[in-house]
Structure formats: structure tokens, C-alpha cells
Participant: 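Quick one: structure below, then a few questions.
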Number of protein chains: 2
Amino acid sequence: MPTTRRERMRDATLLEIKEVAREHLRVQGPSGISLRGIARDLGMTAPALYRYYASLDDLLAAMIETYTNEMCDAMEVARDALPADDLDGRLVAVTRAFRDWSLEHRPEFAMVFGAPVPGFTEPEEAGVQQAGGRLGAIFFALFIELWRRQPFPVPPDEEIPPALRRQLRLFATACCGEDDDAPLGVIRLFAGSWVRLYGLVAIEVFGHMDFMIDDMNPLFEAELNDLAKTIGLKKDLP
Amino acid sequence: MPTTRRERMRDATLLEIKEVAREHLRVQGPSGISLRGIARDLGMTAPALYRYYASLDDLLAAMIETYTNEMCDAMEVARDALPADDLDGRLVAVTRAFRDWSLEHRPEFAMVFGAPVPGFTEPEEAGVQQAGGRLGAIFFALFIELWRRQPFPVPPDEEIPPALRRQLRLFATACCGEDDDAPLGVIRLFAGSWVRLYGLVAIEVFGHMDFMIDDMNPLFEAELNDLAKTIGLKKDLP
DNA sequence: CGTTTACCGTTAACGGCGTTTACTCAAGCA
DNA sequence: TGCTTGAGTAAACGCCGTTAACGGTAAACG
């Protein structure tokens, strides 16, 4: 372990900056994250932070990456709490974990899944993309394994327009690496499910239905049930 | 028409401010909207703008309201381009218009449908909520009228959990005013469809799939086809 | 060991921001 | 005509990100 004392100190500061930034995010919102404010809380001056992050954008990008991975961790914990052969249960658990984490970390969710600000937090960072792929892979691996063990009906290849086929292949390789030997229909259904889940959670987290609905729980559970039904999960969700 | 000369001048300035703000939004992104910058472009000083908008937030809220209504206008134009009895066609046209407008107005879409910034552009403005209701109503009116004329299968009331029933009623009244005498199943299906559409367009506009997929058109059309099928539209979409 | 080097932090400064206050000045109205 | 109203100004306050020049200290090296 070649970590010198200096490196340990540096890593600690690197982390502490991110933690203070997160607190500011949660208390004052995304626009409340400022290098000067963070430096104040840390008993430093703002220019000192440039030793650790090249710019505010860089810090924000690091935060996005951290949050994405944290969300993935939470989903994996929920997944691994169930036996490996209970794919049904695992898929439902991961989906619920996705929503739960998002609701408990609304500002973080907004940074990860909200609108990217041009010239600001561009998601072109390698780390951010990699974390995004990890998230997709968690869902995808379960989804595809479930289909292999107990196949549910998927649209036949002929029903999928050629233009869509190519996109689905791209999607699968980005999610899962190279072993994308699953039929296109499975990927098609997966993409549709992901879009639905994202829409549901984003609407809830962003509060776009707050003035119409006062409790999103029933709708989420109903949609989850629908989703489960289309992939052959028979038993009622607990 | 009690518009004095002063009032006309005032309204013109009010509008001009919003227009310059929009240009800044499109060129430099949301964080590029600044009172000082707008004032510069207008040949004024920043404090003068406070005669027109109480704060930057107020201006942003006005922009959101404007964009929502503009999107609704575009949808209504697309709707009215088809004969009133072609409900199938109108629903598809409105849906495509929603997506098209969003893709052509990405920064505007982000302001309307992205994450609200706390203490900043809260969507608690009456005008913003009203515009949101208008958008929902456009979809809802077509959806429900279509079901009345050529009913498609919807989940029976007994299958809808009681907790969800109440939320769906709230949702319908917010979308459509008081004449929500449609069966819960129709509203249930409508809510699900809206969530799907939102997720699809938001993912595309925000570019959350850009690193996986290079053309969202096929997926959108496929999902639209699916949606159309569930509400009984038989003919292939042109 | 002493010396050099690399790194961490500072102060000072530039230009930008939202917002408030006190003020001027012209248009509108009685 | 004289008064009122409202649009616009300059100055100032306290934020912000970022850069440049500079000090000190701990690690690295001969």
C-alpha cells in the first residue's frame, strides 16, 4: 500500500470538500454550492480548493459520479439481501431501492438525472458515464437473467423495425458490455421498462405532480405491479 | 380597450425583457440568464428591470409560464390540423408535437420539466400551475373522448387499490376540472401513459442516453406505437 | 545531515452577479 | 400650470469563480 502520509491527507481533504459540498447541496440547493462557502466551512480560503479540484465544475462532476455510485451501492445492497435465485424478488427490490434512494436524496438525484447545464457539469466525464453504465447494468443483468430462467413473452424480432434494432444493440452493449446475446425483444422490453421507471421517479422527485396528487405511492406501486406482470412475475408484490 | 400609451410601452418592455432572456437561455444556458446581462442588451441598467419583474426568480417564473403555454399552443395547432372526428390522429399528432417542441426547445423544456431549484423558480406560481393543468387537459380531453367513442379495455375499478383511486380522482380533477365522470380505469391508463411519455422525452432532451444510443427516433416511435396499441388504435402510425 | 523540490495555503485583485437605496427627470393628468 | 407617477440612473453592499504572486512546510534526495 504505497500511500504516503501526504496522499492520505490529500484524499481526506478531497473527501471533506465533497462532504461539505453535499451538505450545502442538501440545505441550500444546487445553486448553494460555492467554492467560497465550502472554503469558509473548512476554515480555508477559496483559492486553496483549486489544489484539489480544477474548478467548481470539476467538483460538481465528482459529486455526480459519487452519487451515482452511491445509488448503485444501495441498489446492490437491496438486491443482495435476497437469495440469488429469487430473481423476481431481487428485481422488485432493486427497483424499489432506486426509488427510495431517489426520494431520500432528491437534490442528488436532480444532479444525476436532471437537465445537464451546458458548460457546467457536462456528463462527458469518463467517470460519470461509467457510473451510468453501472446503474444500467444492475437492472439489465437481473432482467436478462430472469428472462433466461423463466422466459416471459417478448416481441419477436420481425416486429422490431430495423432502425430500432441497431439502437437496441448499442443500448445493450453499453449496459452490459459485450455479451449481448439476448434477443432484441428482451432488450426492447427492458428499454421500455427503464423509460417508464425513470419517468415515474423523476416526476415524483421533481414534484411535477404535487399540485395534482398528494401521494405518489399508490401510483408507483401500481406501475411496478404492471411492470412486474409484463415480465411474468405472478405473485402479488408484498 | 383601456390601454394607455404608458401601458403599451410597459407591456412592450415586459415582453422584450423576456425575449432577451430567452436568447441568453438558448445561447448560454440557464445560468447565463442574468439581469445585468439582459439590461446590457437592452441598453439599460440592471436596477431598471426591477420596475418590471420583482426579482430574477419572478422573471424565470414568467418564462416558465410562457414556455408552457407556447408548448400547449404548438400542441393545439397540431391537433387542430386534423379533423375533429379523427381522435386517433389527433392524439398521435399532439403526442408528436409534444416531443417535437421539446427537442426544438431543449433549454425551455429543462426549465419547465426539469428539477425545480429551491428558493428559485418554485413552481408555486399560480400561472405556472395553471399552464401545467392546461397541458394535462389537452392530452386528457382527447384521451377520454377517444375512450367514450370507441372504448378500449381498461382495468376494472375493483383491480385498482383504494388508495390509488383517490389519487386518480385528484389527478383527473386537476387535469380536467370537475367533469371527471370517467371510470377510474381510464384515468389509470392515462396516468401511466403520461408517465411513459414524460420519461421518454425527458431522457431524450436531457441526453441521458446519448452515451448509449445515437438516435432516439426509433425508440420513440416504437413506444408511441405501443401506447397507441393499448388504447385501441389499430392502424399503423404514418 | 543539509539542501532542494513539491505541495499547501495565503493575500490581493479582476470582473461578474442580485439587490437596495437614494436620486433625477420626463410624461401624464387635474 | 403644477403636481403626481413611474421609468431610469449611479453608487454601494455582499456575494461569486478564478488567477497571479508569494510564503512556509513537509517530503525527497544527495
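Please read these numbers as outputs of a predicted model, since none were measured by experiment. Residue numbering restarts at 1 for every chain, and letters A, B, ... go by the order of the sequence lines.
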Participant: Let's see if you get this right: which residues in residues 25-38 of chain A place a heavy atom under 4.0 Å from DNA chain C?
Facilitator: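 Heavy-atom cutoff 4.0 Å gives A/R36.
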Participant: Rounded to whole Å, how long is the line connecting atom CZ of A/R51 with atom P of C/dT10?
Facilitator: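 The distance from CZ of A/R51 to P of C/dT10 comes to 11 Å, rounded to the nearest Å.
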Participant: Within the pair B/Y52 and D/dG6, is there a side-chain N or O less than 4.0 Å away from OP1 or OP2?
Facilitator: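 Result: no.
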Participant: Quick check on D/dA26: is either OP1 or OP2 less than 4.0 Å from any side-chain nitrogen or oxygen of A/R5?
Facilitator: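 Negative; the distance criterion is not met.
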Participant: Starting the side chain at C-beta, find the nucleotide from D/dT18, C/dA6, C/dT10 nearest to A/S55.
Facilitator: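 For the A/S55 side chain, the nearest candidate turns out to be D/dT18.
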Participant: Just N and O in the side chain of B/R10: are any of them under 4.0 Å from OP1 or OP2 of D/dG6?
Facilitator: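 False: B/R10 side-chain N/O out of range (4.0 Å or more) of D/dG6 OP1/OP2.
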Participant: Under the criterion salt bridge (Lys or Arg N to Asp or Glu O under 4.0 Å), I'd like the reasoning laid out for A/R134 against A/D73: C-alpha separation, chi angles, the key distance, then a yes or no.
Facilitator: CA-CA 10 Å; A/R134 183 182 162 203; A/D73 292 343; 2.6 Å; yes
Participant: Just the rounded figure in Å: distance from C1' of D/dT19 to OH of A/Y50.
Facilitator: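 Between C1' of D/dT19 and OH of A/Y50: 9 Å.
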Participant: Once you round it to whole Å, what is the distance between P of D/dT9 and CE of B/M44?
Facilitator: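 My rounded result for the distance is 7 Å.
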Participant: What is the distance, rounded to the nearest whole Å, between atom CZ of B/R40 and atom C1' of D/dA10?
Facilitator: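 After rounding, the gap between these two atoms is 16 Å.
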Participant: Using the ring of each side chain (for Trp, its six-membered ring), is B/W194 parallel, tilted or perpendicular to B/F113, with breaks at 30° and 60°?
Facilitator: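 Ring orientation, 0 to 90° scale: tilted.
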Participant: How long is the line joining CG of A/L56 and C1' of D/dT19, in whole Å?
Facilitator: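 Roughly 16 Å, once rounded to whole Å.
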Participant: Pairs in or reaching into residues 204-220 of chain B: which pass side-chain hydrogen bond (donor to acceptor under 3.5 Å, both in side chains), with residues at least two apart or in two chains?
Facilitator: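 Every side-chain hydrogen bond (donor to acceptor under 3.5 Å, both in side chains) pair that includes a residue of residues 204-220 of chain B, provided the two are not neighbours, is A/R166-B/D214, A/Q167-B/D214, B/R99-B/E204, B/R99-B/N217.
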Participant: Do the side chain of B/R90 and the main chain of B/L82 share a donor and acceptor less than 3.5 angstrom apart?
Facilitator: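 Checking the backbone N and O of B/L82 against the side chain of B/R90, a donor-acceptor pair under 3.5 Å is found.
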Participant: Tell me which nucleotide among D/dG6, C/dG9, D/dT18 gets nearest to the side chain of B/R6.
Facilitator: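 Between D/dG6, C/dG9, D/dT18, the one nearest the side chain of B/R6 would be D/dG6.
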Participant: What orientation do B/F171 and B/F140 show, parallel under 30°, tilted 30 to 60°, or perpendicular over 60°?
Facilitator: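 Plane angle over 60°, so perpendicular.
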Participant: Just how far, in rounded Å, is P of C/dA27 from CD of B/E7?
Facilitator: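 These atoms are roughly 18 Å apart.
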Participant: Within this structure, what is the OH-to-P distance between A/Y53 and C/dC8, rounded to whole angstrom?
Facilitator: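 In whole Å, C/dC8 P and A/Y53 OH are 13 Å from each other.
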Participant: Rounded to whole angstrom units, what separation is found between the NE2 atom of A/H24 and the P atom of D/dC15?
Facilitator: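 It is 14 Å, rounded to the nearest whole Å.
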Participant: Apply salt bridge (Lys or Arg N to Asp or Glu O under 4.0 Å) to residues B/R196 and A/E223 and explain how you reach the verdict.
Facilitator: CA-CA 10 Å; B/R196 251 168 107 169; A/E223 285 282 306; over 6 Å; no
Participant: Under 4.0 Å from OP1 or OP2 of D/dG8: is there any side-chain N or O of B/T45 that close?
Facilitator: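 So the side-chain polar atoms of B/T45 never come under 4.0 Å of the phosphate oxygens OP1 or OP2 of D/dG8.
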